[in-house]
Amino acid sequence: MDKQTEFVLRTMEERDVRFVRLWFTDVLGYLKSVAIAPAELEGAFSEGIGFDGSAIEGFARVYESDMVAHPDPSTFQLLPWRGSNQGTARMFCDIRQPDGAPSFADPRYVLRRTLKKASDMGFTFYTHPEIEFYLFKQPIVPGQVPTPADQSGYFDHTTTSPAADFRRQAITLLEQMGIPVEFSHHEGGPGQQEIDLRYADALTMADAIMTFRVVIKEVAVMQNLFASFMPKPLTNQPGSGMHTHVSLFEGDKNAFYDASAEFHLSKIGRQFIAGLLAHAGEITAITNPWVNSYKRLVAGAEAPSYICWGRNNRSALVRVPMYKPNKGSSARIELRSIDSAANPYLTYAMVLAAGLDGIENELELPEGAEDDVWSLTDRQRQSLGIRPLPRSLGNAIDLMENSQLVADTLGEHVFDFYLRNKKAEYEAYRSVVTEWELTNSLPGL
């Protein structure tokens, strides 16, 4: 028995923990959970917990349904909102087949596999997300526009809004669970919040993002609110993204930093950006996986719409933040398209794979866009070689379906399921008559 496992079992006894929730994520990014009693935990560490994989989105077909969840003791944390006496803990799981082989349907394994490729190239991949979400008043009525919890705006400091108390309680719980927070503030939309997590390796961060969503939802319920990570819940307000700062390290050295280069951006950093730009369209169905995602990616709507990079240009897909003097370790790039509702395991796997492809093939970085890309005409953008991001989930699916990079990174099982599921979602959406059509077309036709 290793030291981490011993620590978990000892802590369970010392803290009188009565339930352990084993968490894992399905292909679409939904969190799954099974609770076991403390007496079953030692067996779960040695043998895993079996379940019907055919009942989980994208995991297995009926005739190959047996799956086993193996808890990762390094992810053990108490759930602070469940109380300190006779409490509840959680651990993330790696999903395996009955013979012990990794499940190719496990999003956590997809990311592990991509991180292994980076490691073989000498790199460690770090991420730092800025997670946006909305708080709405209860009750939430399906089909009706929700009411924001406040009418505050960007960086507003108020004493009457529930947002400040909400963020304080959420951050307290996150840090009690070992998830450090760097910043928090009110975002631009009414009821919209942002909480930024401190950088960590991509697997730790993906686990943290899944935990973050649970904590935010739990705190909202405690305060009689509803928290939503929907990309674009309000028509005339900003959408919610998860801008993510990424960097590669070679040991203790930031591989994106070069003191003598323009913008202090190394050759590896430039090639990584070139890979992101080359594959941006293909990976958008992963980074922006919902029909509603494309209501956020609209020109001029505070989200990227075109495939380009820039220096401190917030209309660009990829931004190179200003270099901090005497702090080469902070060199990074920011990808601004990601939804806060995306599957973080698949998303970070695809972002890393696209960047590594740029490095492996020594792709040349095109000229940066320093103008407001939204304000340019189509002809001007075309002359600059700036292509649009997919305008709909259907468009994104078409690009993904023809991408060898996405197929290789996700693996055949996840790739095929994901395409089938998203095609079905888009076809169902296309057949629905919307309120806009009834308002604008019915009266005159």
Side-chain angles (χ1 to χ4, degrees), residues 1-26 29-49 51 68-95 106-108 111 127-129 131 133 165-182 184 193 195-225 227 229 344-345:
M1 185 181 300
D2 61 40
K3 290 183 179 180
Q4 287 183 328
T5 302
E6 289 178 356
F7 169 78
V8 171
L9 295 174
R10 184 173 65 252
T11 303
M12 291 282 296
E13 184 175 354
E14 292 173 352
R15 302 293 293 271
D16 192 24
V17 177
R18 295 300 177 92
F19 294 96
V20 182
R21 291 182 180 173
L22 305 183
W23 288 359
F24 60 95
T25 304
D26 71 12
Y30 291 108
L31 187 68
K32 301 297 179 179
S33 176
V34 57
I36 64 172
E40 305 301 318
L41 186 55
E42 192 167 351
F45 279 132
S46 60
E47 301 175 6
I49 298 293
F51 66 96
V68 183
H70 287 264
D72 179 349
S74 70
T75 65
F76 176 84
Q77 287 288 345
L78 298 176
L79 301 182
W81 62 89
R82 302 298 296 176
S84 56
N85 296 320
Q86 299 184 351
T88 301
R90 73 94 163 98
M91 277 182 286
F92 282 95
C93 294
D94 292 307
I95 308 303
D106 180 9
R108 207 166 185 255
L111 179 53
T127 64
H128 157 59
I131 310 175
F133 57 95
D165 286 341
F166 176 92
R167 294 195 303 270
R168 182 165 52 249
Q169 185 175 1
I171 291 167
T172 298
L173 294 179
L174 287 167
E175 295 196 330
Q176 287 176 2
M177 296 189 70
I179 299 174
V181 171
E182 195 166 50
S184 71
Q193 319 298 320
I195 297 178
D196 302 355
L197 304 185
R198 189 174 295 278
Y199 83 96
D201 69 273
L203 182 61
T204 298
M205 186 57 74
D207 290 343
I209 290 168
M210 297 305 300
T211 305
F212 178 95
R213 294 176 185 168
V214 173
V215 170
I216 295 302
K217 294 277 190 181
E218 291 281 354
V219 175
V221 169
M222 294 176 198
Q223 299 190 11
N224 196 33
L225 298 169
F229 295 93
Y345 302 99

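Because the structure is a prediction, the values reported are computed rather than measured.
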Flag the pair [X] / [Y] as yes when at least one side-chain heavy-atom distance between them is below 4.5 Å, and no otherwise.
{"X": "Trp23", "Y": "Thr211", "result": "yes"}
{"X": "Phe212", "Y": "Ile179", "result": "no"}
{"X": "Arg18", "Y": "Asp16", "result": "yes"}
{"X": "Trp81", "Y": "Val219", "result": "no"}
{"X": "Val221", "Y": "Lys217", "result": "no"}
{"X": "Leu31", "Y": "Arg213", "result": "no"}
{"X": "Pro344", "Y": "Met205", "result": "no"}
{"X": "Val20", "Y": "Val8", "result": "no"}

Atom pair [atom1]/[atom2] of [X] and [Y] - distance to nearest 0.5 Å:
{"X": "Asp207", "Y": "Met210", "atom1": "CG", "atom2": "CE", "answer": "9.0 Å"}
{"X": "Phe19", "Y": "Met12", "atom1": "CZ", "atom2": "CE", "answer": "10.0 Å"}
{"X": "Leu79", "Y": "Gln176", "atom1": "CG", "atom2": "CD", "answer": "11.0 Å"}
{"X": "Asp106", "Y": "Tyr345", "atom1": "CG", "atom2": "OH", "answer": "8.5 Å"}
{"X": "Met91", "Y": "Leu41", "atom1": "CE", "atom2": "CG", "answer": "4.5 Å"}

All salt bridge (Lys or Arg N to Asp or Glu O under 4.0 Å) counterparts of Glu42, not counting sequence neighbours: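 Residues passing salt bridge (Lys or Arg N to Asp or Glu O under 4.0 Å) with Glu42: none at all.
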
Set of salt bridge (Lys or Arg N to Asp or Glu O under 4.0 Å) partners for Asp72, sequence neighbours left out: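 Once residues adjacent in sequence are excluded, the partners of Asp72 under the salt bridge (Lys or Arg N to Asp or Glu O under 4.0 Å) criterion are Arg108, Arg112.
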
Whether Phe133 and Phe166 hold their rings parallel, tilted or perpendicular, with breakpoints at 30° and 60°: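 Tilted.
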
Side chain to side chain contact (heavy atoms under 4.5 Å, CB included) evaluation trace for Lys32 with Phe51: CA-CA 11 Å; Lys32 301 297 179 179; Phe51 66 96; over 6 Å; no

Crowding at CD, Glu14 (>12 non-hydrogen neighbours, <6.0 Å):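 Buried by this count: over 12 neighbours within 6.0 Å.
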
Enclosure of Asn85 CG (heavy-atom neighbours >12, cutoff 6.0 Å):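 No, CG of Asn85 has 12 or fewer neighbouring heavy atoms, counting only those of other groups under 6.0 Å.
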
Checking the side chain of [X] only, and the main-chain atoms of [Y] only, is there a donor and an acceptor separated by less than 3.5 Å?
{"X": "Ser184", "Y": "Arg167", "answer": "no"}
{"X": "His70", "Y": "Ile95", "answer": "no"}
{"X": "Gln4", "Y": "Pro73", "answer": "no"}

Verdict with supporting geometry, Asp94 and Phe24, side chain to side chain contact (heavy atoms under 4.5 Å, CB included): CA-CA 7 Å; Asp94 292 307; Phe24 60 95; over 6 Å; no

I need the minimum non-hydrogen distance between [X] and [Y], along with the two atoms involved.
{"X": "Ala206", "Y": "Leu111", "result": "CB-CD2, 4.0 Å"}
{"X": "Met222", "Y": "Gln169", "result": "SD-NE2, 3.1 Å"}
{"X": "Leu197", "Y": "Ala208", "result": "CD1-CB, 4.3 Å"}
{"X": "Ile209", "Y": "Pro129", "result": "CD1-CG, 4.2 Å"}
{"X": "Phe45", "Y": "Pro71", "result": "CD2-CG, 3.8 Å"}
{"X": "Ala44", "Y": "Ile36", "result": "CB-CD1, 4.0 Å"}

Pair Ile195-Ile216, side chain to side chain contact (heavy atoms under 4.5 Å, CB included): steps then yes or no: CA-CA 10 Å; Ile195 297 178; Ile216 295 302; 4.1 Å; yes

Residue pairs involving residues 74-92 (criterion salt bridge (charged side-chain N to carboxylate O under 4.0 Å, His left out); sequence neighbours excluded):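 Non-adjacent pairs meeting salt bridge (charged side-chain N to carboxylate O under 4.0 Å, His left out): zero.
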
Step-by-step side chain to side chain contact (heavy atoms under 4.5 Å, CB included) determination, Leu78 to Phe76: CA-CA 7 Å; Leu78 298 176; Phe76 176 84; 4.2 Å; yes

